[in-house]
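Scroll down for the structure; my scribbles are underneath it.
One-based numbering, in listed order, for ligands and for the atoms of each.
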Amino acid sequence: MAFFINVILPLPLENLFTYSVTEAEANFLRPGMRVAVPFGKSKIYTGIVSEVHQNDPKIYEAKPIEQILDETPVVTEAQLKFWSWIAAYYMCTEGEVLRAAIPSAFLLESETIVQLLKEAEVNEENLSDDEFLLFEALQRQSSLKINEIVQLLDKKTVLPVINSLVEKRVVAVNQEIYEQYKPKIERHVKLHDNYSNEAAMHQLLDELSRAPKQREVIFTLFGMSAKNKGVVKISELAKESKASAAVIKALIDKQVLEEIKVQASRFEYEEGELAGKVAFNEHQQQALDEIETSFKTEDVCLLHGITSSGKTEIYVDLIEKVISSGKQVLYLLPEIALTTQLIVRLQNYFGEKVLVFHSKYSVNERVEVYQNVLRNTEKARVIIGVRSSIFLPFKELGLIIVDEEHESTFKQYDPAPRYNARDLAVVLGKMMKSKVLLGSATPALESYFNADHSKYALVNLDRRYGNMLLPEIKIVDIKDKHRKKRMTGHFSDRLLEEIRETLSNGEQVILFQNRRGFSPILECNTCGHSPQCPNCDVSLTYHSHNNQLRCHYCGYHMALQTKCMACGSIELSTKGFGTEQVETELKALFPGNKIGRMDLDTTRGKHGYEKIISAFEEEEIDVLVGTQMLTKGLDFRNVRLVGIMNADTLLNFPDFRAHERSFQLMLQVAGRAGRTKKRGLVLIQTYNPHHQIVQQVSTNNYHDMYREQLEERRNYKYPPFYRLIRITLKGRDFSRVNEGADWLATSLKNSFHENVLGPEFPPIARIRNEYYKNILIKIPQKQSLGKTKELVSRILQSFKAIGAYRGVKTVINVDPY
Ligand code: ADP
Ligand code: ZN
Ligand code: ZN
């Protein structure tokens with residue numbers, strides 16, 4: 001009797017590979033365990049057993065495995081089932097899903113690089129002989145490949161040694177430089193212990209008589225500290241005493257004040273209140289009741305709650321109930337970096353029971369989270385994470401929350417699997433019999449459509465917490481303002497006026513411009529030439545702070561040219577504008593105020609986001625200029641005014657979703673204004689004041705937007721009425737890509753006729769010297785999705801078999817938008 005196993009390898013292979021095992025191995029092995037197997041000429045990979053069986057593959061001779069790596073499965077049966085669903089739906093291989101789904105530290109292979117963990121604390125007595133040998137070798141050599149370790153230890157089976165060292169936190173594999181998530185630190189001060197006695201205090205006040213500002217700070221501190229046990233926030237102290245940061249710093253330097261860094265809770269209750277349950281208002285209570293009632297009969301519920309309506313508090317209550325019934329909760333977020341506010345809030349409620357899963361976590365941290373979820377530990381009750389956390393090995397999932405469910409970052413574009421985590425949440429929920437709650441102030445059209453057609457339950461929450469009004473939204477016609485010469489740079493007189501007033505009241509301003517850099521295009525007034533990226537079909541963007549022209553697609557950059565490169569003219573002008581230009585203009589207009597900027601360029605560094613968000617929260621920044629990063633669920637207390645610099649660049653984006661997205665973006669950024677105290681104001685500058693989307697934003701009319709966009713989707717055959725599959729061809733040879741695309745489109749049209757669009761060059765047809773061409777397949781509701789995909793795969797296979805097109809790669813994207 002011969003025994004075999006099927007193995008999923010982390011490679012884009014169409015078929016699973018079969019290996020032979022001994023009877024003893026077959027009895028021991030279970031699906032979900034890792035095995036090391038040979039593949040290709042001399043490579044070793046780690047794969048996951050998907051099945052143990054007795055069917056000889058016949059076409060090839062099954063090779064024996066190298067060894068078994070686990071005693072118990074690291075992948076659950078439920079995950080294996082989920083993976084094969086994903087591979088079939090998104091038209092990719094299970095190997096590709098595997099790569100996305102488990103930490104790369106689990107997937108040692110011959111090319112894997114092993115390094116000492118920097119912060120390793122090694123107890124040499126705990127190491128086996130082999131482990132010690134490797135540990136020693138790594139002190140001499142900074143990194144070793146698995147192949148080299150095989151030679152070093154003079155044995156074939158080295159993976160268990162490495163695995164064990166990973167678990168003992170001695171080494172790291174494939175370590176990349178990851179930024180770690182750090183909770184926000186708040187700066188506080190108290191009086192230095194030197195001055196705890198009265199005599200010292202009197203002497204101090206005497207000394208300070210020549211520094212009245214510093215003295216004032218000390219007096220203010222006395223007044224404030226009565227109710228704060230002597231410790232006060234620096235920002236509050238500065239505000240109360242009207243002292244600058246420099247004055248307070250001087251006192252710290254003199255050791256009159258002592259600085260204390262406090263790990264801040266961003267969610268501060270009124271004094272005395274613990275992070276216990278909050279009292280809901282009647283609207284929240286009703287929404288909660290409706291959600292719970294819907295879950296008795298439905299699996300998915302969409303919570304349509306306006307910005308600042310208190311959705312998070314509702315989530316907290318639901319989470320509480322689910323975890324107290326012993327089940328796990330997955331809380332999906334669009335981006336962790338921008339939502340530290342929310343993480344701290346949840347940690348305040350659930351403390352140790354919260355795990356955060358971050359794509360930027362180091363490999364070892366990800367292993368730790370994965371293991372905790374797999375073992376269903378006490379820590380793994382609530383898992384907060386970005387899209388990839390949908391792949392964690394949940395045991396008893398009771399609830400999945402998808403917060404800001406409309407966000408496009410739930411979709412993975414590259415590499416495969418090109419999944420949408422919001423949609424997968426619904427699938428996973430079904431498989432694990434877990435409820436799913438989608439929440440948004442501006443639901444994706446598809447989600448609302450599903451709710452509208454009774455596929456999901458729908459719950460509305462249309463009051464802001466604390467009865468704050470939604471901000472007033474006003475449109476400013478900048479075509480008219482230009483005509484009447486009422487523009488200063490990119491600011492209308494109205495916007496300037498409101499900024500001035502807001503700042504003079506000590507309140508803050510957010511300005512939104514969805515482009516970074518100074519200006520997207522530098523153009524010659526004489527011949528019209530504008531500098532292009534040599535590798536991509538885009539104009540270079542001008543960045544003023546370093547006087548560079550940069551490509552936002554490949555990173556190519558060059559120094560700013562003083563003369564036109566085509567005709568030599570020195571008359572160059574800029575067209576369009578980005579965040580940097582807004583910032584520059586503002587600094588000139590408001591020299592006395594602090595201006596901050598938040599975009600990809602300013603948030604790159606370590607804790608880049610954190611610094612800017614904190615500074616804004618602490619009111620060290622008066623005006624924050626930024627791109628769409630500003631829209632993601634941030635909760636600022638003192639923002640009265642939000643200005644949208646130019647709505648038109650959003651609206652004119654060439655994509656069937658552009659209008660829906662513009663609506664979502666504008667309403668979300670508007671939602672940052674007036675969350676406490678006073679009603680907020682939003683000014684939208686636009687050349688098209690009558691555009692229906694601008695109108696719908698200004699009246700906060702989601703339903704009109706929904707109905708109108710839905711009509712367009714119906715007319716032009718887009719989701720939710722038609723499903724889409726996009727095939728992208730790319731390659732370095734322009735004519736091959738072109739010819740290949742024509743061949744493929746023709747074959748597809750033979751089967752799908754008028755429902756094939758293209759081939760068409762995308763707006764940017766060349767990136768990093770590769771040419772791109774798209775074909776779009778539209779699938780009507782009554783057409784079988786499974787059969788369509790089968791046919792598409794078959795046509796693609798014929799395509800790949802044609803020698804002339806060998807250099808042309810194809811990328812399939814199911815639900816591409
Ligand atoms: P959303 O997620 O809908 O934008 P949040 O949950 O962030 O809204 O709530 C907005 C603000 O209102 C937050 O600052 C939150 O602390 C506060 N809030 C909401 N509900 C309550 C409540 N029941 N009691 C006290 N504060 C609340
Ligand atoms: Zn020129
Ligand atoms: Zn480029």
| query | How about His304 and His406: are their ring centres within less than 6.0 Å of each other? | reply |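 That pair fails the under 6.0 Å test.
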Are there over 12 heavy-atom neighbours, none belonging to [X], within less than 6.0 Å of that residue's [atom1]?
X: Arg463; atom1: CZ; value: no
X: Gln285; atom1: CD; value: yes
X: Arg736; atom1: CZ; value: no

With heavy atoms of [X] as the reference, note each atom of ligand 1 found under 4.0 Å away.
X: Ser309; result: 1 (P), 3 (O), 8 (O)
X: Gly310; result: 1 (P), 3 (O), 5 (P), 6 (O), 8 (O), 9 (O), 19 (C)
X: Thr312; result: 2 (O), 5 (P), 6 (O), 7 (O)
X: Ala279; result: 22 (C), 23 (N), 24 (N)

| query | How open is the angle at the Zn ion (ligand 3) from atom SG of Cys554 over to atom SG of Cys533, rounded to 10 degrees? | reply |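 For SG of Cys554 and SG of Cys533, the angle centred on the Zn ion (ligand 3) reads 100°.
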| Where the Zn ion (ligand 3) is the vertex, angle from Cys536 SG to Cys551 SG to 10° | 110°
| query | Charged N to carboxylate O under 4.0 angstrom, Glu446 versus Arg657? | reply | yes
| message | Is it the case that ligand 1 has an N or O less than 3.5 angstrom from some N or O of Thr307? | response |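 No, there is no polar N/O contact under 3.5 Å.
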| field | Sub-3.5 Å N/O-N/O distance, Asn281 and ligand 1 | value | no
| message | Any N/O/S atom from Cys564 (main chain or side chain) under 2.8 Å of the Zn ion (ligand 2)? | response |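 Yes, Cys564 qualifies, because one of its backbone or side-chain N, O or S atoms lies under 2.8 Å.
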| N, O or S atom of His552 closer to the Zn ion (ligand 3) than 2.8 Å |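 No, since none of the N, O or S atoms of His552 sits under 2.8 Å from the Zn ion (ligand 3).
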| note | Note: SG(Cys527)-the Zn ion (ligand 2)-SG(Cys524) angle, rounded to 10 degrees, equals 110°
| request: Scan Ile390, Asp423, Asn420 and name whichever one has a side-chain contact (heavy atoms from CB on, under 4.5 Å) with Phe410. | output: Asn420
| field | Sole residue of Met666, Gln628, Gln664, Arg515 in side-chain contact (heavy atoms from CB on, under 4.5 Å) with Leu650 | value |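 For Leu650, the side-chain contact (heavy atoms from CB on, under 4.5 Å) test succeeds with only one of Met666, Gln628, Gln664, Arg515, which is Met666.
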| query | Between Phe761 and Phe734, what is the ring plane arrangement, given parallel below 30°, perpendicular above 60°, and tilted in between? | reply |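 Answer is parallel, since the angle falls under 30°.
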| said: Please determine whether any non-hydrogen atom of Ile306 lies less than 4.0 Å from an atom of ligand 1. | reply: yes
| query | If you measure from each heavy atom of Gly305 to ligand 1, is any distance below 4.0 Å? | reply | no
| task | Give a yes or no on whether the backbone of Arg418 and the side-chain of Lys411 come within a donor-acceptor separation of less than 3.5 Å. | result |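 Here the side-chain-to-backbone pair exists.
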| query | Looking only at non-hydrogen atoms, which of Arg637, Arg345, Glu313 approaches atom 5 (P) of ligand 1 most closely? | reply |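 Going through Arg637, Arg345, Glu313 one by one, Arg345 has the nearest heavy atom to atom 5 (P) of ligand 1.
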| task | Compare all side-chain heavy atoms of His552 with those of Val538 and state whether any distance is below 4.5 angstrom. | result | no
| said: Test of understanding: given a 4.0 Å heavy-atom threshold, classify the contact between Gln284 and ligand 1 as side chain, backbone, both, or neither. | reply: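 For Gln284, the contact with ligand 1 is made by the side chain alone.
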